[in-house]
Amino acid sequence: MTALNRTPLDRLPQWTALAKHREEFGDTHLRELFAADSGRGADYTLRVGDLLVDYSKQLVTDQTLGLLRELAAATGVAELRDAMFRGEKINITEDRAVLHTALRAPRGAVVEVDGENVVPAVHAVLDKMAAFADRVRSGAWTGQTGKRIRNIVNIGIGGSDLGPAMAYEVLRSYAQRDLTVRFVSNVDGADLHEAVRDLDAAETLFIVASKTFTTIETITNATSAREWLLGELGAGQEAVAKHFVALSTNEAGVADFGIDVANMFEFWDWVGGRYSYDSAIGLSLMIAIGPDHFREMLDGFHLVDEHFRTAPAEENVPLLLGLLGVWYGAFFDAQAHAVLPYSHYLARFTAYLQQLDMESNGKSVDRDGNPVAWQTGPVVWGTPGTNGQHAYYQLLHQGTKVIPADFIGFAKPVAELSPALAAQHDLLMANFFAQTQALAFGKTAEEVAAEGVPAELVPHKTFQGNHPTTTVLAAELTPSVLGQLVALYEHKVFVQGAVWNIDSFDQWGVELGKVLAKRIEPVLLTGEGTAALDSSTAALVANYRSLRGR
Ligand code: F6P
(Lines give C-alpha, C1' and ligand atoms only; values in the text may rest on other atoms or scores of the structure.)
Protein backbone atom coordinates (compact mmCIF):
# COMPACT_ATOMS: atom_id res chain seq x y z
CA MET A 1 0.00 0.00 0.00
CA THR A 2 1.62 3.22 -1.07
CA ALA A 3 0.99 6.77 0.02
CA LEU A 4 -2.22 8.23 -1.21
CA ASN A 5 -1.68 11.87 -2.17
CA ARG A 6 -5.21 12.37 -0.99
CA THR A 7 -7.06 15.66 -1.05
CA PRO A 8 -6.48 17.15 2.41
CA LEU A 9 -9.36 16.32 4.71
CA ASP A 10 -10.32 19.92 5.37
CA ARG A 11 -10.63 20.60 1.64
CA LEU A 12 -13.12 17.85 0.99
CA PRO A 13 -16.67 19.04 0.27
CA GLN A 14 -17.91 16.56 2.88
CA TRP A 15 -15.80 18.34 5.50
CA THR A 16 -17.08 21.73 4.45
CA ALA A 17 -20.62 20.40 4.66
CA LEU A 18 -19.98 19.22 8.21
CA ALA A 19 -18.48 22.59 9.17
CA LYS A 20 -21.59 24.33 7.86
CA HIS A 21 -23.81 21.86 9.67
CA ARG A 22 -21.89 22.52 12.88
CA GLU A 23 -22.64 26.24 12.56
CA GLU A 24 -26.32 25.49 12.12
CA PHE A 25 -26.21 23.03 15.02
CA GLY A 26 -24.98 25.84 17.26
CA ASP A 27 -25.92 25.37 20.91
CA THR A 28 -28.68 22.87 20.25
CA HIS A 29 -29.26 21.17 23.57
CA LEU A 30 -29.81 17.48 24.21
CA ARG A 31 -32.94 18.56 26.06
CA GLU A 32 -34.30 19.90 22.76
CA LEU A 33 -33.24 16.84 20.78
CA PHE A 34 -34.98 14.50 23.21
CA ALA A 35 -38.06 16.73 23.44
CA ALA A 36 -38.36 16.71 19.64
CA ASP A 37 -38.17 12.92 19.33
CA SER A 38 -39.62 10.69 22.02
CA GLY A 39 -38.11 7.65 20.32
CA ARG A 40 -34.57 9.02 20.28
CA GLY A 41 -33.28 6.64 22.96
CA ALA A 42 -34.33 3.54 21.05
CA ASP A 43 -33.61 4.98 17.61
CA TYR A 44 -30.05 5.87 18.54
CA THR A 45 -29.15 2.48 19.97
CA LEU A 46 -27.20 -0.21 18.14
CA ARG A 47 -26.21 -3.72 19.09
CA VAL A 48 -23.09 -5.62 18.31
CA GLY A 49 -22.68 -9.10 19.78
CA ASP A 50 -23.51 -8.80 23.48
CA LEU A 51 -23.01 -5.03 23.56
CA LEU A 52 -25.85 -2.55 23.50
CA VAL A 53 -24.56 0.85 22.44
CA ASP A 54 -26.76 3.87 23.15
CA TYR A 55 -25.48 7.01 21.43
CA SER A 56 -28.67 9.02 21.85
CA LYS A 57 -26.94 11.34 24.33
CA GLN A 58 -24.52 12.47 21.62
CA LEU A 59 -24.75 15.92 20.03
CA VAL A 60 -25.89 14.58 16.70
CA THR A 61 -28.95 14.41 14.51
CA ASP A 62 -29.73 12.15 11.55
CA GLN A 63 -28.23 14.84 9.37
CA THR A 64 -24.98 14.87 11.36
CA LEU A 65 -24.70 11.11 11.12
CA GLY A 66 -25.41 11.14 7.41
CA LEU A 67 -22.75 13.78 6.79
CA LEU A 68 -20.22 11.90 8.92
CA ARG A 69 -20.87 8.71 6.96
CA GLU A 70 -20.36 10.65 3.74
CA LEU A 71 -17.03 11.82 5.11
CA ALA A 72 -16.11 8.21 5.88
CA ALA A 73 -16.98 7.23 2.33
CA ALA A 74 -15.01 10.12 0.86
CA THR A 75 -11.95 9.27 2.93
CA GLY A 76 -11.96 5.61 1.95
CA VAL A 77 -12.49 4.10 5.41
CA ALA A 78 -14.11 0.96 4.01
CA GLU A 79 -11.40 0.52 1.37
CA LEU A 80 -8.62 0.82 3.96
CA ARG A 81 -10.49 -1.57 6.28
CA ASP A 82 -10.75 -4.15 3.50
CA ALA A 83 -7.06 -3.68 2.68
CA MET A 84 -6.23 -4.32 6.35
CA PHE A 85 -8.30 -7.51 6.47
CA ARG A 86 -6.69 -8.65 3.18
CA GLY A 87 -3.23 -8.36 4.70
CA GLU A 88 -2.04 -5.43 2.60
CA LYS A 89 0.82 -3.39 4.00
CA ILE A 90 -1.23 -0.48 5.28
CA ASN A 91 1.42 0.40 7.87
CA ILE A 92 3.22 2.46 5.27
CA THR A 93 6.17 3.79 7.23
CA GLU A 94 7.15 0.32 8.45
CA ASP A 95 6.02 -1.45 5.27
CA ARG A 96 4.01 -3.96 7.28
CA ALA A 97 0.66 -5.64 7.15
CA VAL A 98 -1.69 -4.93 10.06
CA LEU A 99 -3.31 -8.22 10.88
CA HIS A 100 -4.30 -8.45 14.52
CA THR A 101 -7.63 -9.63 13.10
CA ALA A 102 -5.86 -12.82 11.93
CA LEU A 103 -4.99 -13.60 15.56
CA ARG A 104 -8.63 -14.37 16.23
CA ALA A 105 -9.59 -15.81 12.85
CA PRO A 106 -11.12 -19.26 13.25
CA ARG A 107 -9.09 -22.34 12.39
CA GLY A 108 -9.61 -22.94 8.71
CA ALA A 109 -9.87 -19.26 7.76
CA VAL A 110 -7.47 -17.98 5.12
CA VAL A 111 -5.59 -14.72 5.65
CA GLU A 112 -2.58 -14.19 3.45
CA VAL A 113 0.54 -12.13 4.02
CA ASP A 114 2.93 -12.06 1.06
CA GLY A 115 1.03 -14.99 -0.45
CA GLU A 116 1.21 -17.16 2.68
CA ASN A 117 -1.81 -18.14 4.76
CA VAL A 118 -0.91 -17.13 8.33
CA VAL A 119 -3.90 -18.73 10.10
CA PRO A 120 -2.34 -22.21 10.55
CA ALA A 121 0.71 -20.63 12.24
CA VAL A 122 -1.58 -18.55 14.50
CA HIS A 123 -3.38 -21.69 15.66
CA ALA A 124 -0.17 -23.68 16.00
CA VAL A 125 1.07 -21.06 18.50
CA LEU A 126 -2.29 -20.97 20.29
CA ASP A 127 -2.14 -24.78 20.60
CA LYS A 128 1.42 -24.64 21.93
CA MET A 129 0.37 -21.95 24.43
CA ALA A 130 -2.62 -24.04 25.50
CA ALA A 131 -0.50 -27.16 26.06
CA PHE A 132 1.97 -25.14 28.11
CA ALA A 133 -0.76 -23.33 30.07
CA ASP A 134 -2.39 -26.65 30.92
CA ARG A 135 0.90 -28.06 32.18
CA VAL A 136 1.47 -25.04 34.42
CA ARG A 137 -2.13 -24.99 35.69
CA SER A 138 -2.12 -28.70 36.49
CA GLY A 139 1.28 -28.64 38.19
CA ALA A 140 2.85 -30.88 35.54
CA TRP A 141 5.37 -28.17 34.67
CA THR A 142 7.78 -28.00 37.57
CA GLY A 143 10.65 -25.71 38.42
CA GLN A 144 14.30 -26.62 38.90
CA THR A 145 13.72 -28.14 42.36
CA GLY A 146 10.70 -30.17 41.27
CA LYS A 147 8.16 -27.89 42.92
CA ARG A 148 5.10 -26.95 40.90
CA ILE A 149 4.77 -23.38 39.59
CA ARG A 150 2.49 -21.18 41.68
CA ASN A 151 3.67 -17.71 40.64
CA ILE A 152 3.69 -16.19 37.17
CA VAL A 153 5.57 -12.93 36.62
CA ASN A 154 5.15 -11.30 33.21
CA ILE A 155 8.00 -8.95 32.36
CA GLY A 156 7.21 -6.59 29.49
CA ILE A 157 6.25 -3.00 28.81
CA GLY A 158 3.75 -1.12 26.63
CA GLY A 159 1.83 -3.58 24.51
CA SER A 160 3.74 -6.45 26.09
CA ASP A 161 2.35 -5.50 29.50
CA LEU A 162 -0.80 -3.41 29.34
CA GLY A 163 -2.96 -5.92 27.46
CA PRO A 164 -2.33 -9.01 29.59
CA ALA A 165 -2.22 -6.93 32.80
CA MET A 166 -5.56 -5.29 31.97
CA ALA A 167 -7.22 -8.52 30.84
CA TYR A 168 -5.99 -10.46 33.86
CA GLU A 169 -7.65 -7.88 36.12
CA VAL A 170 -10.83 -7.95 34.04
CA LEU A 171 -11.09 -11.73 34.11
CA ARG A 172 -9.87 -12.34 37.65
CA SER A 173 -13.06 -14.15 38.53
CA TYR A 174 -12.23 -16.65 35.75
CA ALA A 175 -8.65 -17.14 36.99
CA GLN A 176 -7.24 -20.15 38.78
CA ARG A 177 -7.12 -18.51 42.18
CA ASP A 178 -4.21 -20.51 43.58
CA LEU A 179 -1.88 -18.97 41.00
CA THR A 180 -0.30 -15.59 41.77
CA VAL A 181 0.01 -13.54 38.59
CA ARG A 182 2.01 -10.30 38.56
CA PHE A 183 3.19 -7.86 35.94
CA VAL A 184 6.51 -6.01 35.96
CA SER A 185 7.04 -3.23 33.45
CA ASN A 186 8.79 -0.24 34.99
CA VAL A 187 12.59 -0.12 34.79
CA ASP A 188 12.41 1.34 38.32
CA GLY A 189 13.90 -1.58 40.28
CA ALA A 190 11.12 -1.16 42.82
CA ASP A 191 8.67 -2.76 40.40
CA LEU A 192 10.53 -6.08 40.23
CA HIS A 193 11.41 -5.85 43.92
CA GLU A 194 7.77 -5.58 44.95
CA ALA A 195 6.71 -8.28 42.49
CA VAL A 196 9.10 -10.96 43.78
CA ARG A 197 9.90 -10.03 47.38
CA ASP A 198 7.38 -12.47 48.87
CA LEU A 199 7.69 -15.19 46.22
CA ASP A 200 9.44 -18.54 46.42
CA ALA A 201 11.78 -18.60 43.42
CA ALA A 202 11.40 -22.38 43.19
CA GLU A 203 7.69 -21.86 42.39
CA THR A 204 8.10 -18.86 40.07
CA LEU A 205 7.89 -18.71 36.30
CA PHE A 206 9.02 -15.56 34.48
CA ILE A 207 7.45 -14.78 31.14
CA VAL A 208 9.62 -12.33 29.23
CA ALA A 209 7.32 -10.57 26.77
CA SER A 210 8.88 -8.38 24.11
CA LYS A 211 8.02 -8.21 20.44
CA THR A 212 11.48 -6.92 19.54
CA PHE A 213 13.37 -8.44 22.48
CA THR A 214 15.49 -5.29 22.47
CA THR A 215 13.40 -3.04 24.73
CA ILE A 216 15.82 -1.85 27.38
CA GLU A 217 13.34 -1.80 30.27
CA THR A 218 12.30 -5.39 29.63
CA ILE A 219 15.78 -6.78 29.00
CA THR A 220 17.08 -5.00 32.12
CA ASN A 221 14.25 -6.36 34.29
CA ALA A 222 14.55 -9.84 32.79
CA THR A 223 18.29 -9.85 33.46
CA SER A 224 17.69 -8.81 37.08
CA ALA A 225 14.95 -11.42 37.44
CA ARG A 226 17.36 -14.08 36.19
CA GLU A 227 19.97 -12.98 38.75
CA TRP A 228 17.36 -13.04 41.52
CA LEU A 229 16.17 -16.49 40.55
CA LEU A 230 19.61 -18.07 40.24
CA GLY A 231 20.70 -16.38 43.47
CA GLU A 232 17.64 -17.57 45.38
CA LEU A 233 17.91 -21.10 44.06
CA GLY A 234 21.70 -21.22 44.30
CA ALA A 235 21.47 -22.74 40.85
CA GLY A 236 23.39 -22.40 37.60
CA GLN A 237 22.24 -21.31 34.15
CA GLU A 238 20.45 -24.63 33.60
CA ALA A 239 17.63 -23.44 35.91
CA VAL A 240 16.67 -20.76 33.37
CA ALA A 241 15.00 -23.31 31.07
CA LYS A 242 12.58 -24.30 33.84
CA HIS A 243 11.76 -20.79 35.02
CA PHE A 244 11.87 -18.54 31.94
CA VAL A 245 9.85 -18.52 28.76
CA ALA A 246 9.79 -15.83 26.09
CA LEU A 247 7.10 -14.26 23.91
CA SER A 248 8.65 -12.59 20.90
CA THR A 249 9.15 -12.22 17.18
CA ASN A 250 12.94 -12.26 17.67
CA GLU A 251 14.24 -15.80 18.04
CA ALA A 252 17.90 -14.75 17.91
CA GLY A 253 17.37 -12.19 20.68
CA VAL A 254 15.64 -14.80 22.84
CA ALA A 255 18.49 -17.29 22.32
CA ASP A 256 21.09 -14.58 23.10
CA PHE A 257 19.36 -13.91 26.38
CA GLY A 258 19.77 -17.56 27.30
CA ILE A 259 16.16 -18.71 27.00
CA ASP A 260 15.73 -22.04 25.21
CA VAL A 261 13.95 -21.24 21.94
CA ALA A 262 11.83 -24.34 22.56
CA ASN A 263 10.30 -22.23 25.34
CA MET A 264 9.58 -19.31 23.02
CA PHE A 265 6.07 -18.51 21.86
CA GLU A 266 6.17 -16.75 18.56
CA PHE A 267 4.25 -13.95 16.94
CA TRP A 268 4.85 -11.87 13.85
CA ASP A 269 5.81 -8.41 12.65
CA TRP A 270 2.27 -7.88 11.34
CA VAL A 271 1.04 -7.74 14.94
CA GLY A 272 1.51 -4.28 16.44
CA GLY A 273 2.58 -4.26 20.11
CA ARG A 274 -0.58 -2.48 21.22
CA TYR A 275 -2.70 -4.96 19.25
CA SER A 276 -0.91 -8.04 20.56
CA TYR A 277 -2.44 -9.36 23.75
CA ASP A 278 -4.54 -11.85 21.81
CA SER A 279 -1.27 -13.31 20.40
CA ALA A 280 1.43 -15.17 22.37
CA ILE A 281 1.69 -11.97 24.44
CA GLY A 282 -1.43 -13.21 26.23
CA LEU A 283 0.31 -16.31 27.64
CA SER A 284 0.19 -15.10 31.26
CA LEU A 285 -3.53 -14.44 30.84
CA MET A 286 -4.08 -17.85 29.27
CA ILE A 287 -2.29 -19.55 32.16
CA ALA A 288 -4.48 -17.62 34.59
CA ILE A 289 -7.88 -18.15 32.97
CA GLY A 290 -7.22 -21.33 31.00
CA PRO A 291 -7.17 -21.97 27.25
CA ASP A 292 -10.94 -22.36 26.90
CA HIS A 293 -11.71 -18.95 28.35
CA PHE A 294 -8.89 -17.44 26.29
CA ARG A 295 -10.49 -18.89 23.15
CA GLU A 296 -13.88 -17.52 24.19
CA MET A 297 -12.22 -14.10 24.38
CA LEU A 298 -10.79 -14.55 20.87
CA ASP A 299 -14.25 -15.47 19.61
CA GLY A 300 -15.52 -12.20 21.07
CA PHE A 301 -12.86 -10.27 19.18
CA HIS A 302 -13.71 -12.12 15.99
CA LEU A 303 -17.41 -11.40 16.34
CA VAL A 304 -16.72 -7.65 16.33
CA ASP A 305 -14.14 -8.00 13.54
CA GLU A 306 -16.82 -9.55 11.38
CA HIS A 307 -19.31 -6.87 12.35
CA PHE A 308 -16.82 -4.12 11.45
CA ARG A 309 -15.98 -5.84 8.17
CA THR A 310 -19.52 -6.52 7.02
CA ALA A 311 -22.14 -4.38 8.81
CA PRO A 312 -23.67 -1.56 6.75
CA ALA A 313 -22.46 1.91 7.66
CA GLU A 314 -25.71 2.80 9.44
CA GLU A 315 -25.31 -0.14 11.83
CA ASN A 316 -21.54 -0.29 12.08
CA VAL A 317 -20.70 0.47 15.69
CA PRO A 318 -16.92 1.00 15.44
CA LEU A 319 -17.53 3.25 12.44
CA LEU A 320 -20.08 5.27 14.41
CA LEU A 321 -17.87 5.64 17.48
CA GLY A 322 -14.91 6.65 15.34
CA LEU A 323 -16.91 9.25 13.46
CA LEU A 324 -18.31 10.74 16.67
CA GLY A 325 -14.72 11.35 17.81
CA VAL A 326 -13.92 13.00 14.48
CA TRP A 327 -16.98 15.26 14.89
CA TYR A 328 -16.03 16.46 18.36
CA GLY A 329 -12.32 16.86 17.63
CA ALA A 330 -12.90 18.87 14.50
CA PHE A 331 -15.96 20.92 15.31
CA PHE A 332 -16.22 21.16 19.11
CA ASP A 333 -12.50 21.55 19.81
CA ALA A 334 -12.67 18.48 22.06
CA GLN A 335 -9.14 17.57 23.12
CA ALA A 336 -9.93 14.63 25.37
CA HIS A 337 -12.06 11.52 25.54
CA ALA A 338 -13.02 9.83 28.81
CA VAL A 339 -13.66 6.11 29.18
CA LEU A 340 -15.49 5.44 32.44
CA PRO A 341 -16.14 1.82 33.30
CA TYR A 342 -18.60 0.98 36.06
CA SER A 343 -16.80 -2.21 36.94
CA HIS A 344 -14.03 -2.70 39.44
CA TYR A 345 -12.56 -5.32 37.13
CA LEU A 346 -12.12 -2.79 34.32
CA ALA A 347 -9.85 -0.64 36.50
CA ARG A 348 -6.99 -0.85 33.99
CA PHE A 349 -9.11 -0.80 30.85
CA THR A 350 -8.64 2.90 30.17
CA ALA A 351 -4.87 2.66 30.76
CA TYR A 352 -4.83 -0.07 28.12
CA LEU A 353 -6.85 2.11 25.75
CA GLN A 354 -4.42 4.98 26.26
CA GLN A 355 -1.71 3.08 24.44
CA LEU A 356 -4.13 1.68 21.88
CA ASP A 357 -5.50 5.09 20.99
CA MET A 358 -2.75 7.57 21.78
CA GLU A 359 0.16 5.57 20.34
CA SER A 360 -1.94 4.86 17.25
CA ASN A 361 -3.42 8.27 16.56
CA GLY A 362 -1.09 10.71 18.31
CA LYS A 363 0.28 11.83 14.94
CA SER A 364 0.66 15.19 13.24
CA VAL A 365 1.62 14.27 9.69
CA ASP A 366 -0.55 12.44 7.21
CA ARG A 367 0.35 9.24 5.42
CA ASP A 368 2.15 11.24 2.76
CA GLY A 369 4.21 13.07 5.41
CA ASN A 370 2.37 16.39 5.16
CA PRO A 371 1.49 18.24 8.37
CA VAL A 372 -2.19 17.80 9.20
CA ALA A 373 -4.35 20.86 9.78
CA TRP A 374 -6.98 19.08 11.86
CA GLN A 375 -7.17 17.52 15.31
CA THR A 376 -6.00 13.91 15.51
CA GLY A 377 -6.17 11.54 18.49
CA PRO A 378 -7.59 12.80 21.78
CA VAL A 379 -6.14 12.50 25.27
CA VAL A 380 -7.76 9.30 26.51
CA TRP A 381 -8.28 9.08 30.24
CA GLY A 382 -10.56 7.76 32.94
CA THR A 383 -10.82 5.42 35.89
CA PRO A 384 -13.76 3.41 37.23
CA GLY A 385 -16.73 5.72 37.28
CA THR A 386 -17.92 5.68 40.86
CA ASN A 387 -14.47 6.63 42.10
CA GLY A 388 -14.30 9.34 39.47
CA GLN A 389 -17.62 10.75 40.64
CA HIS A 390 -15.96 11.74 43.90
CA ALA A 391 -12.89 13.15 42.17
CA TYR A 392 -12.90 14.62 38.68
CA TYR A 393 -16.58 14.44 37.63
CA GLN A 394 -16.98 18.00 38.95
CA LEU A 395 -15.07 19.15 35.88
CA LEU A 396 -17.17 16.97 33.59
CA HIS A 397 -20.37 18.47 34.97
CA GLN A 398 -19.48 22.12 35.44
CA GLY A 399 -16.09 22.69 33.80
CA THR A 400 -15.42 24.56 30.56
CA LYS A 401 -14.15 21.69 28.46
CA VAL A 402 -15.91 19.45 25.97
CA ILE A 403 -15.03 15.90 26.99
CA PRO A 404 -17.09 13.20 25.31
CA ALA A 405 -17.26 10.13 27.52
CA ASP A 406 -18.02 6.44 27.16
CA PHE A 407 -19.83 4.79 30.06
CA ILE A 408 -19.41 1.00 30.21
CA GLY A 409 -21.53 -1.09 32.56
CA PHE A 410 -22.97 -4.56 33.10
CA ALA A 411 -26.38 -5.80 34.16
CA LYS A 412 -25.07 -8.57 36.39
CA PRO A 413 -22.30 -8.59 38.96
CA VAL A 414 -19.69 -11.34 38.63
CA ALA A 415 -21.03 -14.71 39.70
CA GLU A 416 -18.69 -15.29 42.61
CA LEU A 417 -19.85 -12.31 44.72
CA SER A 418 -21.76 -13.17 47.88
CA PRO A 419 -25.48 -12.31 47.72
CA ALA A 420 -24.87 -9.31 50.00
CA LEU A 421 -22.13 -7.93 47.75
CA ALA A 422 -24.07 -8.75 44.59
CA ALA A 423 -26.92 -6.67 46.01
CA GLN A 424 -24.69 -3.59 45.82
CA HIS A 425 -24.75 -3.86 42.04
CA ASP A 426 -28.01 -1.94 41.66
CA LEU A 427 -26.53 1.00 43.56
CA LEU A 428 -23.48 0.91 41.29
CA MET A 429 -25.65 0.88 38.19
CA ALA A 430 -28.03 3.51 39.51
CA ASN A 431 -24.99 5.79 39.57
CA PHE A 432 -24.08 4.69 36.06
CA PHE A 433 -27.47 5.71 34.65
CA ALA A 434 -27.75 8.83 36.80
CA GLN A 435 -24.46 10.25 35.60
CA THR A 436 -25.20 10.12 31.88
CA GLN A 437 -28.61 11.61 32.63
CA ALA A 438 -27.11 14.47 34.63
CA LEU A 439 -24.41 15.08 32.02
CA ALA A 440 -26.93 15.19 29.19
CA PHE A 441 -29.78 17.15 30.70
CA GLY A 442 -28.23 19.06 33.58
CA LYS A 443 -30.37 21.23 35.80
CA THR A 444 -31.49 24.65 34.68
CA ALA A 445 -31.25 27.84 36.75
CA GLU A 446 -35.05 27.89 36.86
CA GLU A 447 -35.15 24.39 38.29
CA VAL A 448 -32.55 25.29 40.88
CA ALA A 449 -34.34 28.52 41.86
CA ALA A 450 -37.66 26.67 42.13
CA GLU A 451 -36.09 24.59 44.89
CA GLY A 452 -35.71 27.74 46.96
CA VAL A 453 -31.95 28.07 46.47
CA PRO A 454 -30.80 31.64 47.32
CA ALA A 455 -30.28 33.68 44.15
CA GLU A 456 -26.55 34.12 44.66
CA LEU A 457 -26.07 30.34 44.78
CA VAL A 458 -28.18 29.55 41.73
CA PRO A 459 -25.34 29.86 39.18
CA HIS A 460 -23.15 27.58 41.30
CA LYS A 461 -25.81 24.91 41.55
CA THR A 462 -26.85 25.05 37.90
CA PHE A 463 -25.74 22.24 35.60
CA GLN A 464 -25.55 23.29 31.97
CA GLY A 465 -25.76 19.66 30.76
CA ASN A 466 -25.30 18.93 27.05
CA HIS A 467 -22.19 16.85 27.74
CA PRO A 468 -22.08 14.02 25.18
CA THR A 469 -21.84 10.41 26.29
CA THR A 470 -22.16 6.94 24.83
CA THR A 471 -23.48 4.16 27.04
CA VAL A 472 -22.25 0.61 26.47
CA LEU A 473 -24.23 -2.00 28.36
CA ALA A 474 -23.76 -5.78 28.41
CA ALA A 475 -25.35 -8.55 30.46
CA GLU A 476 -22.11 -9.54 32.16
CA LEU A 477 -18.38 -9.26 31.91
CA THR A 478 -17.34 -12.50 30.25
CA PRO A 479 -14.15 -13.32 28.31
CA SER A 480 -16.11 -12.93 25.08
CA VAL A 481 -17.46 -9.54 26.12
CA LEU A 482 -13.94 -8.35 26.93
CA GLY A 483 -12.81 -9.42 23.45
CA GLN A 484 -15.79 -7.60 21.94
CA LEU A 485 -15.00 -4.41 23.84
CA VAL A 486 -11.34 -4.38 22.89
CA ALA A 487 -12.06 -5.07 19.23
CA LEU A 488 -14.66 -2.31 19.28
CA TYR A 489 -12.05 0.21 20.40
CA GLU A 490 -9.38 -1.16 18.07
CA HIS A 491 -11.65 -0.57 15.10
CA LYS A 492 -12.84 2.79 16.38
CA VAL A 493 -9.20 3.90 16.47
CA PHE A 494 -8.76 2.49 12.97
CA VAL A 495 -11.69 4.49 11.62
CA GLN A 496 -10.35 7.73 13.05
CA GLY A 497 -6.86 7.13 11.67
CA ALA A 498 -8.36 6.40 8.26
CA VAL A 499 -10.42 9.61 8.23
CA TRP A 500 -7.53 11.71 9.53
CA ASN A 501 -5.27 10.03 6.93
CA ILE A 502 -2.56 9.16 9.43
CA ASP A 503 -0.60 5.95 9.87
CA SER A 504 -2.19 4.51 13.00
CA PHE A 505 0.24 1.61 13.13
CA ASP A 506 3.67 3.15 13.60
CA GLN A 507 5.00 4.89 16.72
CA TRP A 508 8.06 6.91 15.73
CA GLY A 509 7.25 9.41 18.45
CA VAL A 510 8.60 7.09 21.13
CA GLU A 511 12.09 6.89 19.64
CA LEU A 512 13.74 10.21 20.49
CA GLY A 513 13.36 9.80 24.24
CA LYS A 514 14.92 6.33 24.03
CA VAL A 515 17.98 7.67 22.15
CA LEU A 516 18.46 10.58 24.57
CA ALA A 517 18.13 8.31 27.63
CA LYS A 518 20.89 6.11 26.24
CA ARG A 519 23.09 9.20 25.89
CA ILE A 520 22.30 10.56 29.34
CA GLU A 521 22.75 7.36 31.36
CA PRO A 522 26.58 7.37 31.14
CA VAL A 523 26.62 11.08 32.03
CA LEU A 524 24.73 10.25 35.24
CA LEU A 525 27.33 7.64 36.10
CA THR A 526 30.51 9.53 35.19
CA GLY A 527 29.57 13.20 35.10
CA GLU A 528 31.40 13.45 31.79
CA GLY A 529 29.60 15.00 28.86
CA THR A 530 27.43 17.57 30.64
CA ALA A 531 28.85 20.29 28.38
CA ALA A 532 27.00 18.75 25.44
CA LEU A 533 23.69 19.09 27.27
CA ASP A 534 21.41 22.16 27.29
CA SER A 535 21.75 24.36 30.36
CA SER A 536 18.58 23.11 32.04
CA THR A 537 19.38 19.42 31.64
CA ALA A 538 23.05 19.97 32.55
CA ALA A 539 22.10 21.67 35.84
CA LEU A 540 19.48 19.03 36.63
CA VAL A 541 21.99 16.26 35.99
CA ALA A 542 24.56 18.01 38.20
CA ASN A 543 21.98 18.30 40.98
CA TYR A 544 20.99 14.68 40.54
CA ARG A 545 24.61 13.54 40.79
CA SER A 546 25.16 15.62 43.89
CA LEU A 547 21.94 14.36 45.56
CA ARG A 548 22.94 10.83 44.60
CA GLY A 549 26.28 11.39 46.38
CA ARG A 550 28.45 11.20 43.27
O1 F6P B 1 8.40 2.09 22.68
C2 F6P B 1 7.08 1.81 22.40
C3 F6P B 1 6.91 0.36 22.13
O4 F6P B 1 7.56 0.01 20.97
C5 F6P B 1 5.45 -0.04 22.05
O6 F6P B 1 4.89 0.21 20.82
C7 F6P B 1 5.52 -1.47 22.43
O8 F6P B 1 4.28 -2.00 22.77
C9 F6P B 1 6.50 -1.41 23.57
O10 F6P B 1 7.43 -0.42 23.18
C11 F6P B 1 7.20 -2.68 23.92
O12 F6P B 1 7.92 -3.20 22.83
P13 F6P B 1 8.44 -4.68 22.83
O14 F6P B 1 7.28 -5.59 22.92
O15 F6P B 1 9.20 -4.82 21.56
O16 F6P B 1 9.35 -4.85 24.03
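All values reported here derive from a predicted model rather than from experimental measurement. Both ligands and their constituent atoms are indexed starting at 1 by order of listing.
Under a 4.0 angstrom heavy-atom cut-off, Lys514 registers as being in contact with ligand 1. At least one heavy atom of Gln355 sits closer than 4.0 Å to an atom of ligand 1.
Nearest protein heavy-atom neighbour of atom 12 (O) of ligand 1: Thr215 OG1, 3.5 Å. For atom 6 (O) of ligand 1, the closest non-hydrogen atom on the protein side is Glu359 OE1, 2.8 Å. Atom 8 (O) of ligand 1 has Gly159 N, 2.8 Å as its closest protein atom, hydrogens excluded (heavy atom only).
In this structure, His100 and Phe505 have tilted ring planes: the angle between them lies in the 30° to 60° band. Aromatic ring pairs are classed by plane angle as parallel below 30°, tilted from 30° to 60° and perpendicular above 60°; the pair Phe85 and Phe308 is tilted.
Remark: Lys242 is positioned above the aromatic ring of Trp141, its terminal NZ or CZ atom under 6.0 angstrom from the ring centre and at most 45 degrees off the axis.
Only the side chain of Val510 comes within 4.0 Å of ligand 1, judged by heavy-atom distances.
Within ligand 1, the atoms closer than 4.0 Å to a non-hydrogen atom of Ser210 are 13 (P), 14 (O), 15 (O), 16 (O), numbered from 1 in the order shown.
Under the 4.0 Å criterion applied to side-chain N and carboxylate O atoms, Asp506 and Lys363 are assigned as salt-bridge partners.
In this structure, Tyr275 has its ring center no closer than 6.0 Å to that of Phe301. Proximity of the aromatic rings of Phe410 and Tyr345 is defined here by a centroid distance below 6.0 angstrom, and this criterion is not met. Ring to ring, Tyr352 and Tyr489 are not that close: their centroids are 6.0 angstrom or more apart.
Below 3.5 Å of separation, one finds an N or O of Ser160 facing an N or O of ligand 1. Annotation: Phe213 places no N or O atom under 3.5 Å from an N or O atom of ligand 1; distance criterion only. Considering backbone and side-chain atoms together, Thr212 places an N or O closer than 3.5 Å to an N or O of ligand 1.
A donor and an acceptor atom, one from each side chain of Ser279 and Ser276, are nowhere located under 3.5 Å apart.
Distance screen at 4.0 Å: atom 10 (O) of ligand 1 has no protein heavy-atom neighbour inside the cut-off.
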